[in-house]
Amino acid sequence: MNILILLGCPEPPLLIPSFMFLLNLLKSKGHQVYVAGNPSALKLIESADPEHHYLKGVGFQPIDNGLKDKFDVDYIFGLTHNDAGINYIVTYKMVYNKETSALIFGTGELGGLTQILDENGIENKSIRAFHNPTPINVMLKRIFKEF
């Protein structure tokens, strides 16, 4: 399965380690992974794996380019903590017309963000986390258990 992961602003310390965890999980199950992300998030990912041990074979694009130059994907998954990320997830769902889901995390009220996704037919989960990636990683294992 071709899976597109959307990454927004990398302000939360857990975003990049959680992405790397998810990437490893999906690749170990034989999925082809593509990433459309905030340019800063993409630079952090490259810095985390400069020799591409984990990133080998992964397709990358800045998040705006992924809307113009579409990937061949079967499923879209967004990992975000703010309304800008939510807007990208909804926009990607509309442009690609593929099954889409998201994991929303943060320290504040997340109900408004989940409501926007619900209104747009996007399955989602939310979790209170910002620094520690462990709760996110546990949730990612649950979400992708059946993949």
Colleague: Could you tell me the separation between the OG atom of Ser47 and the CG atom of Leu42, rounded to the nearest 0.5 Å?
Modeller: 11.0 Å
Colleague: Is the shortest side-chain heavy-atom distance between Pro13 and Phe130 below 4.5 Å?
Modeller: yes
Colleague: Nearest heavy-atom pair of Cys9 and Asn38: which atoms, and what distance?
Modeller: CA-ND2, 3.8 Å
Colleague: Is there a path of hydrophobic side-chain contacts, each under 4.5 Å between heavy atoms, that joins Val58 and Leu6?
Modeller: no
Colleague: When rounded to the nearest 0.5 angstrom, what is the spacing between CD1 in Ile127 and CE in Met139?
Modeller: 4.0 Å
Colleague: Applying ring pair (Phe, Tyr, Trp, His ring centres under 6.0 Å), name anything that partners Phe21, two or more places apart in sequence or on another chain.
Modeller: none
Colleague: If you measure from CG on Leu23 to CG on Leu55, what distance do you get to the nearest 0.5 Å?
Modeller: 6.0 Å
Colleague: Name each donor-acceptor pair under 3.5 Å that joins a side chain in residues 76-85 to protein atoms two or more places apart or in another chain, with its distance.
Modeller:
{"unit_1": "Thr80", "atom_1": "OG1", "unit_2": "Asn82", "atom_2": "N", "d": "3.4"}
{"unit_1": "Asn82", "atom_1": "OD1", "unit_2": "Ala84", "atom_2": "N", "d": "3.3"}
{"unit_1": "Asn82", "atom_1": "OD1", "unit_2": "Gly85", "atom_2": "N", "d": "2.9"}

Colleague: Please report the shortest heavy-atom distance between Ala102 and Ile89, naming the atom on each side.
Modeller: CB-CD1, 3.8 Å
Colleague: Is the backbone of Ser101 close enough, under 3.5 Å, to the side chain of Asn124 for a donor and an acceptor to pair up by distance?
Modeller: no
Colleague: Can you tell me how far apart CD (Gln32) and NZ (Lys27) are? Round to the nearest 0.5 Å.
Modeller: 8.0 Å
Colleague: Would you say Tyr54 ends up clustered with Ile3 if hydrophobic residues are merged whenever their side chains have heavy atoms under 4.5 Å apart, either directly or through other cluster members?
Modeller: yes
Colleague: Holding to ring pair (Phe, Tyr, Trp, His ring centres under 6.0 Å), I want the full list of residues that pass it with Tyr96, two or more places apart in sequence or in another chain.
Modeller: Tyr92
Colleague: Sequence neighbours excluded, which residues qualify as side-chain contact (heavy atoms from CB on, under 4.5 Å) partners of Pro17?
Modeller: Pro133
Colleague: I need the minimum non-hydrogen distance between Ala41 and Leu7, along with the two atoms involved.
Modeller: CB-CB, 4.4 Å
Colleague: Just how far is it from atom OG of Ser28 to atom CZ of Phe144, taken to the nearest 0.5 Å?
Modeller: 12.0 Å
Colleague: Could you please spell out the steps behind the side chain to side chain donor-acceptor pair (under 3.5 Å) verdict for Asp72 and Tyr34?
Modeller: CA-CA 9 Å; Asp72 178 24; Tyr34 298 92; over 6 Å; no
Colleague: For residues 106-117, dump all side-chain donor-acceptor pairs below 3.5 Å to protein atoms at least two apart in sequence or in another chain.
Modeller:
{"unit_1": "Glu109", "atom_1": "OE2", "unit_2": "Gly111", "atom_2": "N", "d": "2.7"}
{"unit_1": "Thr114", "atom_1": "OG1", "unit_2": "Gly111", "atom_2": "O", "d": "2.9"}
{"unit_1": "Gln115", "atom_1": "NE2", "unit_2": "Glu119", "atom_2": "OE2", "d": "2.9"}

Colleague: Taking the side chain as everything from C-beta on, heavy atoms only, tell me whether Ile5 gets closer than 4.5 Å to Leu26.
Modeller: yes
Colleague: When you measure from the side chain of Gln61 to the backbone N and O of Gly66, does any donor-acceptor pair fall under 3.5 Å?
Modeller: yes
Colleague: Just wondering, do His131 and Leu14 contact through their side chains at under 4.5 Å, heavy atoms?
Modeller: no
Colleague: Test of understanding: with side-chain contact (heavy atoms from CB on, under 4.5 Å), list the residues that count as partners of Leu44, not counting sequence neighbours.
Modeller: Pro10, Ile16
